[in-house]
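Hydrogens, waters and symmetry mates are skipped; everything else that's a heavy atom, side chains included, is used. Naming: A, B, ... by sequence-line order, numbering from 1 per chain.
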2 protein chains.
Amino acid sequence: MENSDELANVLLKWAEVFNNKSIGGLVCFGKEHGLSISQIGALFHLNHGRISSVSQIGDSLGITSAAASQMLDGLLRQGLIVRHEDPDDRRSKQIALTRQGTKIIHNIMKARQHWFSSISNRMTREERKIVINSLNILIEKAEQPASDRNQVNNFTGIKESINQ
Amino acid sequence: MENSDELANVLLKWAEVFNNKSIGGLVCFGKEHGLSISQIGALFHLNHGRISSVSQIGDSLGITSAAASQMLDGLLRQGLIVRHEDPDDRRSKQIALTRQGTKIIHNIMKARQHWFSSISNRMTREERKIVINSLNILIEKAEQPASDRNQVNNFTGIKESINQ
DNA sequence: CCATATATTTAAGCTATCTTAATTATTCAG
DNA sequence: CTGAATAATTAAGATAGCTTAAATATATGG
């Protein structure tokens, strides 16, 4: 039996543990900073893809482009994103994070720092060493452009896997 | 130099990569299944802590217990949770996931499966081996009851209530 | 036992965020 | 060039999810 499936399953389990700790914090963060969950989602989407159109962002969140446009107004007003005309298609707008927008993402993640530290503190020096090494591999592989990652939105995979 | 901080930082980085891929999907999942993000947060909270009171769930999301009560009505109507009177304090209600509620959590995570597999496929057998090992360490340490169980939530300053 | 505190629920009302429909600007195909 | 398609925006209206306040039931401490 390949250990490929085993890794995918362990990743799944870890993701579950991570989400258990994160979701509530994310909702709280939004409330405190006047950001809707869609807006936070948009910021993460942009942090991942660097630049997107209005409708791409809408698609990634499952909302209409009208809603996306309105929602992005808010982020613009807060100085978290910029809108530029796409030189290749002047109907389209290129949305990107500002420095401040990137910082928000960072702050959201920083809020987990205490938890991360406590995990770290429960390990031996030796354990830390191999875990650091492994996470670096994961990060590298996760960010690699995948051969099987087509232009289709990666969120559409959800619909398929849920409707059993 | 200690490698403790280094691990915390790598965990942070990995969390960012993971969130970049997840948040939009979570929002989409909610829309498709008629679940608000608070409701999804409540499901994760329950999945983590097994049993909580109404107000504990509200606290974990930064909403009032009135709002939590209303929100939980929806989950109850969908058969995702059960409400039982707390035998130790009859003012309080014990909220827990049903089998179906647990399945929803699983489905949300399953939606990431394709991504996890593609990460796995980009590794050598040797890399997988050490990454599996490391993730198991992480999961174990993360789930360990920490000394700081009732630590203050970084976002809100609200006490993160974890049932016992 | 009584006053006060706590946990939940209900009710009423507010508003943020969505939707659809219409508008404007641009692209593309014939 | 012309008509149809696409991208974004704006406007109007619906509603989900929140808040506060009040009601109910239970617990606790002097």
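Sorted by first and then second residue, the side chain to side chain donor-acceptor pair (under 3.5 Å) pairs involving residues 90-99 of chain B (not counting sequence neighbours) are B/D89-B/R91.
If you walk DNA chain C from 5' to 3' and mark each nucleotide with an atom closer than 4.0 Å to a heavy atom of chain B, the marks span C/dA5 to C/dC18. The outermost nucleotides of DNA chain D lying under 4.0 Å from heavy atoms of chain B, listed 5' to 3', are D/dG17 to D/dA27.
Atom CD1 of B/I40 and atom CG of A/N19 lie 10.0 Å apart (nearest 0.5 Å). Rounded to the nearest 0.5 angstrom, A/I51 CD1 and A/L46 CG are separated by 9.0 Å. To the nearest 0.5 angstrom, B/L97 atom CG is 10.0 Å from B/H45 atom NE2. With values rounded to the nearest 0.5 angstrom, A/R50 atom CZ is found 6.0 Å from A/N47 atom CG. With rounding to the nearest 0.5 Å, the separation of CE in B/M109 from CG in A/L11 is 10.0 Å.
For the residue pair A/S134 and B/S134, a side-chain donor N or O sits within less than 3.5 Å of a side-chain acceptor on the partner. Checked by atom type, the side-chain pair B/R128/B/T124 shows no donor-acceptor distance below 3.5 Å.
Here B/F44 and B/H48 keep their ring centres 6.0 angstrom or further from each other.
Under the 4.5 Å side-chain criterion, counting only non-hydrogen atoms from C-beta, A/V82 is not in contact with A/I95. A/K110 places a side-chain heavy atom less than 4.5 Å from the side chain of A/H106.
With sequence neighbours excluded, no residue forms a salt bridge (charged side-chain N to carboxylate O under 4.0 Å, His left out) with A/K103. With sequence neighbours left out, the side-chain hydrogen bond (donor to acceptor under 3.5 Å, both in side chains) criterion links A/S38 to no other residue. When the side chain to side chain contact (heavy atoms under 4.5 Å, CB included) test is applied to A/Q78, the partners found at least two apart in sequence or on another chain are A/L35, A/L80. Under the side-chain hydrogen bond (donor to acceptor under 3.5 Å, both in side chains) criterion, A/D73 pairs with A/R83, sequence neighbours left out. Annotation: side-chain hydrogen bond (donor to acceptor under 3.5 Å, both in side chains) contacts of A/N9 (sequence neighbours excluded): none.
With DNA chain D read from its 5' end, the first of the two nearest nucleotides for A/S65 and A/V27 is the one closest to A/S65.
Using a 4.0 Å heavy-atom criterion, one finds that A/A66 contacts the bases of the nucleic acid, with or without backbone contacts as well. Looking at heavy-atom distances under 4.0 Å, A/S55 makes contact with sugar-phosphate atoms alone, never a base.
Across A/I108, A/I57, A/L75, A/T102, a single residue satisfies side-chain contact (heavy atoms from CB on, under 4.5 Å) together with A/L43, and that is A/L75.
Near DNA chain D, meaning a heavy atom under 4.0 Å from it, residues 34-42 of chain A has no residue at all. Taking a 4.0 Å limit (strictly below) on heavy-atom distances, residues 77-97 of chain A reaches DNA chain C at A/D89, A/R90, A/R91. Only B/S69, B/Q70, listed by number, bring a heavy atom of residues 69-76 of chain B to less than 4.0 angstrom from any atom of DNA chain C.
Comparing the end axes of the helix from C/dC1-D/dG30 to C/dG30-D/dC1, each fitted to five base pairs by superposing C1' atoms of four pairs onto the next four, gives an inter-axis angle of 30° (nearest 10 degrees).
In this structure, A/F18 and B/F18 have perpendicular ring planes: the angle between them is above 60°, well past the 30° mark.
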